[in-house]
Peer 1: 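Sharing a structure, written as structure tokens. Questions coming.
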Amino acid sequence: MATLNFAGSGQFFEFCSHKKIVIFPSRVHYALLNVFNDQKPREIAARVLRGRAAQTEFTEDLLEKALASARLSPADRGLCQELVYGVVRGQSALNWLIARKTPGREQPPDVQILLQLGLYQIFWLDRIPPHAAVNETVEMAKRNGLEPQAGFINAILRGYLREVVETRALLADLQATQPAIGYSHPEWLVAKWRQRWGPERTGKLLEWNNTPPRTYARLNRLKTDAVKLIEQWREEGVAYDFTKAGPWPENQVFELKAHPPLASLPSFQNGWFYLQDPSTLLAVTQLRPQPGDTVLDLCAAPGGKTTYMAQMMNNQGRLVAHDVTEDRLRLIRENCQRLGVTCVQPTMIPPASTGTPVFDRILVDAPCSNTGVMRRRVDLRWRIQPFEITRLRTTQLTLLDRAAALLKPGGFMVYSTCSLEPEENHELVAQFVSGHKNFQCLGEQALVPFQDGVDGAYVARLTRVA
Ligand code: SAM
């Protein structure tokens, strides 16, 4: 059996809406001009993309900070996010388009970013008239100290406006002939996936990774029930859908179709639901914790699976939630508090393996390459390196070894990842079992996005026989 595990820390960004500020006449002070410019979604997107090029923070974090201090309407926030994520996801294809018109001439980063933003709007966004996309980009260049390059940017973008149909056809061909560029993924990863899945299914996976992720809410039965939650959502203006049947209980997870900023809703603040992809429930349903059990969640933060386990245990028993930093533990505490979870003991001290093992069930939701949740992590494809899978395997085996020593004979252990890679999943569990004769693998399950319609995940259910 296998899994899907989205780390549970899904990038769901919600922002309070504010009215747009009054526009000053131009040529006041530069500082005021900056304040004004910062209120434009394209300006903010460009700033985030420049920040991304310059430092080590995740794009999602940069965007969240930028939007937190901006005064944008919900629609403008949506546009800003779409521009940033779209340009990051699509950077190979966008750079290919730019290189076609500027052969052998590398552009300064600021110019490259504006060209990417303009081209993304022309070829990937339906709702912006292409001429408006060009005009806005050129004006933005002038406002941001790129007056000398504005004509060049205008010429490239207008050139493409005259070739929209042909260029769309070229982009479609590129997906077949050079998928790493056409779908904007690293070459090595595309080659690895094609070897395993072949071109057609790999194409589906690459396409999946380029689609915006859905938002799912898991009902928290410790606080409410499905009928009350739905009634409350009706009052709050939340549009939802039931999720199709899967390897998780029915009517536990809802897809949120439209909603006000979630953090502002009483149903969220009161802990009536937790945001997590349905695939993340599989590891817990395979572990099957019972009320009164002593359970260890070895890699617990931010607590998506911990809090679901606490619900299955009806808050009865002991659930030790371990993770490695105080910041990560804080997330577990916050989520437990909001969701009314009382049986969890968060800790940074790894449980000791001396003496008699005390745990009935252990979840090892290991740190992994996250290749099953690529559509939720826009930067991931550009950060991940082949050698990291080897490094992660060492950590994953160490964590399994540590957990093995803590499990009671007759107890159950689930190993899970949100990776699609066999090296971190089936092969790793096979290696573990061959080195631990007192463990048996009872089954494995894998969820694959393009087949199952949810994030990728792998789960192995193990038992200690002696
Ligand atoms: N189970 C979590 C949930 O459902 O919300 C997601 C866990 S995430 C996949 C992996 C976690 O492992 C991260 O929170 C990370 O901090 C933690 N981690 C990394 N190295 C670890 C280690 N050596 N021991 C324990 N946890 C570790």
Side-chain angles (χ1 to χ4, degrees), residues 3-12 58 216-218 220 248 252-253 273-287 289 295-312 319-336 338-339 341 344-353 359 361-374 376-377 380 384 388-389 391-406 413-421 424-425 428 447 454-460:
T3 203
L4 137 58
N5 142 38
F6 162 49
S9 59
Q11 309 292 349
F12 300 105
F58 287 112
Y216 291 100
R218 189 253 302 166
N220 177 25
W248 46 83
Q252 290 260 339
V253 186
F273 64 89
Y274 183 87
L275 294 172
Q276 67 190 139
D277 191 272
S279 60
T280 62
L281 305 187
L282 180 61
V284 178
T285 55
Q286 289 299 323
L287 189 62
V295 179
L296 171 62
D297 188 351
L298 190 56
C299 311
K305 296 184 187 69
T306 314
T307 54
Y308 186 46
M309 285 197 277
Q311 175 184 302
M312 285 179 88
L319 207 177
V320 177
H322 171 259
D323 213 288
V324 286
T325 66
E326 189 48 49
D327 278 355
R328 304 291 292 160
L329 285 197
R330 185 174 43 76
L331 296 175
I332 300 174
R333 283 194 204 97
E334 283 170 6
N335 282 320
C336 286
R338 186 173 64 83
L339 298 179
V341 168
V344 166
Q345 298 171 358
T347 180
M348 254 165 60
I349 303 165
S353 60
F359 291 104
R361 293 168 207 260
I362 299 180
L363 174 62
V364 182
D365 188 29
C368 69
S369 61
N370 294 308
T371 51
V373 294
M374 225 165 225
R376 294 195 188 274
R377 313 251 171 121
L380 176 64
I384 184 174
E388 275 164 23
I389 294 181
R391 182 182 61 78
L392 283 161
R393 273 176 58 86
T394 307
T395 305
Q396 290 156 353
L397 278 171
T398 305
L399 289 167
L400 268 178
D401 277 349
R402 189 182 298 164
L406 298 167
M413 181 158 85
V414 159
Y415 171 78
S416 62
T417 74
C418 55
S419 166
L420 301 175
E421 313 314 312
E424 298 177 82
N425 295 339
L428 187 110
L447 296 172
V454 290
D455 286 346
Y458 167 88
V459 170

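All figures in this text were calculated on a predicted structure; none of them were measured in a lab. Remember, it's 1-based here, ligands and their atoms both numbered in the order they're listed.
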Peer 1: Just checking, any donor-acceptor pair under 3.5 angstrom between side chains of R218 and Q252?
Peer 2: no
Peer 1: Are E326 and R330 within salt-bridge range, i.e. N to O under 4.0 Å?
Peer 2: no
Peer 1: Taking N or O atoms only and a 3.5 Å limit, does D297 qualify as a polar contact for ligand 1?
Peer 2: no
Peer 1: Does the pair Y415 and L428 meet the rule for a side chain to side chain contact (heavy atoms under 4.5 Å, CB included), with working shown?
Peer 2: CA-CA 10 Å; Y415 171 78; L428 187 110; 3.4 Å; yes
Peer 1: Under 3.5 Å between any N/O of K305 and any N/O of ligand 1: does that happen in this structure?
Peer 2: yes
Peer 1: At under 4.0 Å between heavy atoms, which part of C368 makes contact with ligand 1: side chain, backbone, both or neither?
Peer 2: neither
Peer 1: Any atoms of ligand 1 less than 4.0 Å from a non-hydrogen atom of V324? List them with their elements.
Peer 2: 16 (O), 21 (C), 22 (C), 24 (N), 25 (C), 26 (N), 27 (C)
Peer 1: Checking T307 against N335: is there a side-chain donor and acceptor pair closer than 3.5 Å?
Peer 2: no
Peer 1: Can you tell me if S369 and E421 form a side-chain donor-acceptor pair at under 3.5 Å?
Peer 2: no
Peer 1: What's the spacing between L296 CG and R361 CZ if we round to 0.5 Å?
Peer 2: 13.5 Å
Peer 1: With heavy atoms under 4.0 Å as the rule, classify the contact between P350 and ligand 1 as side chain, backbone, both or neither.
Peer 2: neither
Peer 1: For A366, take its heavy atoms, then give the atoms of ligand 1 lying under 4.0 Å from any of them.
Peer 2: 9 (C)
Peer 1: What I want to know is whether D323 and ligand 1 share at least one N or O pair that is separated by under 3.5 angstrom.
Peer 2: yes
Peer 1: Are a donor atom and an acceptor atom from the side chains of T280 and D455 found within less than 3.5 Å of each other?
Peer 2: no
Peer 1: Where the closest heavy atom to atom 8 (S) of ligand 1 is concerned, which of P367, A301, S419 has it?
Peer 2: A301
Peer 1: Can you check whether G303 has an N/O within less than 3.5 Å of an N/O in ligand 1?
Peer 2: yes
Peer 1: Show me which atoms of ligand 1 lie under 4.0 Å from any heavy atom of H322.
Peer 2: 24 (N), 25 (C)
Peer 1: Would you say R402 has any N or O atom under 3.5 Å from an N or O of ligand 1, going by distance alone?
Peer 2: no
Peer 1: Is there side-chain contact between P289 and Y308, with heavy atoms separated by less than 4.5 Å?
Peer 2: no
Peer 1: Run the numbers for me: atoms of ligand 1, each under 4.0 Å from some heavy atom of L298, listed by number.
Peer 2: 25 (C), 26 (N)
